[in-house]
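Chain letters run A, B, ... following the sequence lines, proteins first, then strands; residues in each count from 1.
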Amino acid sequence: MTASKSVGRTFKFFVFLGRRTGKTRVFAVLGLIPVALAVVVRVFLRGRTGLMADVSTEILMVFFLQFYIVLLALFYGTSVTAEEVENRTLSYLITRPLPKPAFVLGKFAAYAFVVFMMVAVSLALSYFVLNAARLGEPGLYATFLRYLGVLGLGILAYMAFFTFLGTVLKRAIIVGLMFGFGWENVIQYFPGSTQRFSIVHYLKSLLPYHAGSVSGGKGVALLLFRLEPTDPFLAALALAAITAVLLALACVVFRTKEYLFED
Amino acid sequence: MTAVIAAFHLSKWYGNVLGLNDVSLDIEEGVTGLLGPNGAGKSTFMKLITGQMKPALGTVTVRGRKTWNDPSVFREIGYCPEQDVFYEDVTGWEFLTGLLGFYGYARPAIEERAARALDIVDLTEVKDRLIRGYSRGMRQRIKFAQAIAHDPEILILDEPLSGLDPLGKRKLIRLIKGLRDQGRTILVSSHVLPEIEALTSRIVLIHQGKILAQGDIPYVRELIEAHPHQISVRSSDPRALAARFVGDVSIQKMTFGPDGRTLVVETHRRDDFFGRLTGVVLEAGIEVDEISSPDDNLKSVFEYLVGK
């Protein structure tokens with residue numbers, strides 16, 4: 001059996017399970033918050049475009065980039081292996097004729113897909129509601145796709161990190177919370193090369209510029225503050241490398257570690 | 001006969017706690033019963049066989065192949081875990097078809113195997129119900145179904161009869177015997193001797209991580225019979241009852257319980273005692289409320305055997 005087929009089988013199983021869990025329902029509802037806020041803002045803007053719409057869109061991206069995808073990645077990433085151990089369902093998986101890394105990669109891919117779909121639906125609804133007055137502008141769609149791509153890369157990188165944490169630590173969620181909402185929120189504002197030790201730095205480096213936004217140093221500079229953005233190509237490469245390395249490490253750990261249940 | 005499962009000087013520690021201690025054992029075709037009290041090392045042994053744990057010392061092989069990190073061996077093995085754990089948000093049907101998907105069968109084959117396994121364990125009617133809504137017996141049966149659904153040659157069943165009602169137990173015992181007759185290798189664990197007795201005459205006694213004895217049922221029975229049994233009789237007049245047994249040579253010791261109504265008897269010949277008790281009670285007109293055996297469990301027998 002080829003490795004890709006093994007991963008594919010695991011993916012299929014966990015996409016199905018991932019859709020079924022109560023966790024997914026809760027987070028999907030959470031994804032409606034920005035949509036509701038977008039509707040409120042839209043009513044307030046009364047068809048106006050320009051800076052206010054830009055500001056609102058950037059606020060939206062702060063929510064997605066620094067809260068929603070981090071939270072989703074934390075809960076789904078750590079659960080790739082940890083939930084099987086805590087729920088003791090691991091026995092059902094590791095006594096099947098599939099290499100152990102295939103479970104990590106397949107379940108990671110499945111959960112990343114579920115998370116991405118939740119984020120995509122939430123972003124699409126809120127973004128187009130906010131920018132309803134500009135639906136005729138082709139640039140709007142290009143920006144949307146770019147946002148979506150950045151969030152997709154963010155989901156992969158954060159989930160890889162949290163998946164790795166889940167394979168190594170027993171209480172990965174606590175460490176994950178400190179990383180996602182502590183380290184990431186602080187380090188990105190450090191000057192010099194220190195900010196490059198955060199994932200969000202690379203994600204912000206990939207975001208499009210708006211007039212009056214970061215590049216202009218006015219308006220929403222505080223919200224999507226970037227001290228020294230990395231070149232977009234290098235930023236994308238860094239995110240891909242972070243994802244690949246952490247996933248590889250997670251696979252190695254899962255293959256060699258014995259998960260003993262506390263009977 | 002060649003051993004299907006072979007353990008050679010197998011040991012496993014959990015930190016400082018010894019889970020399994022220098023076990024060497026060959027398991028052949030047919031049903032082998034692994035008998036021991038809770039915490040004896042039965043599950044540890046089974047987890048080592050199924051590659052869920054890595055041996056600290058020694059080796060364990062299935063058809064000559066080591067099981068730790070060799071997934072190919074799991075096409076031949078079906079494992080039924082002891083714990084009552086599931087993916088609760090799926091139906092019985094989805095649980096089986098989902099797990100069968102890991103074997104690479106085409107969809108029709110998956111459905112056919114799942115349907116057959118559900119039929120065997122009598123769960124076809126409730127296959128579309130969420131597992132979270134299953135009774136304890138149903139959960140035990142769906143767990144067994146996932147172990148046999150891919151038609152494995154070797155079955156490792158960790159306490160498969162626990163939680164089943166007498167009828168369910170009888171059905172499962174018949175089923176396991178049927179699988180045995182098809183030439184499969186089955187290792188079943190239990191801490192209840194009659195359960196193992198109903199399945200096989202070949203048993204392995206395990207206690208504190210060590211194999212105490214292995215052989216057929218009569219040999220083990222003999223060992224167990226040598227162990228003095230405690231029998232507690234709660235009645236209207238325990239002293240009158242005791243007076244009737246004072247001269248009985250099968251009685252080794254008699255004491256009275258703190259409630260003043262219980263007579264605790266220690267005997268090597270339990271069956272003889274029960275035989276006499278009925279007559280004595282009828283003769284003397286003593287009302288008996290309850291008869292129990294406080295140490296009628298394997299743990300005390302095993303402790304007795306270890307102490308020998």
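Judged as a side-chain hydrogen bond (donor to acceptor under 3.5 Å, both in side chains), not a single pair has a partner in residues 241-257 of chain A (not counting sequence neighbours).
Looking at B:Leu100, there are no atoms closer than 4.5 Å to chain A (heavy atoms on both sides), in backbone or side chain. Looking at A:Tyr92, the atoms closer than 4.5 Å to chain B (heavy atoms on both sides) sit in the backbone and in the side chain alike.
No other option in B:Thr50, B:Val73, B:Asn69 has as many heavy-atom pairs under 4.5 Å with chain A as B:Asn69. When A:Ile94, A:Asn87, A:Thr95 are compared by the number of non-hydrogen pairs under 4.5 Å with chain B, A:Thr95 comes out ahead.
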Please report, to 0.1 Å, the donor-acceptor pairs under 3.5 Å made by any side chain of residues 159-168 of chain A, with sequence neighbours excluded.
residue: A:Thr163; atom: OG1; partner: A:Gly77; partner atom: O; Å: 3.4
residue: A:Thr163; atom: OG1; partner: A:Met159; partner atom: O; Å: 2.6
residue: A:Thr167; atom: OG1; partner: A:Phe164; partner atom: O; Å: 2.6

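At a threshold of 4.5 Å between non-hydrogen side-chain atoms, the residues B:Gln146 and B:Tyr79 do not count as touching.
When atom types are taken as modelled, the side chain of B:Ser135 and the backbone of B:Met138 share a donor-acceptor pair closer than 3.5 angstrom.
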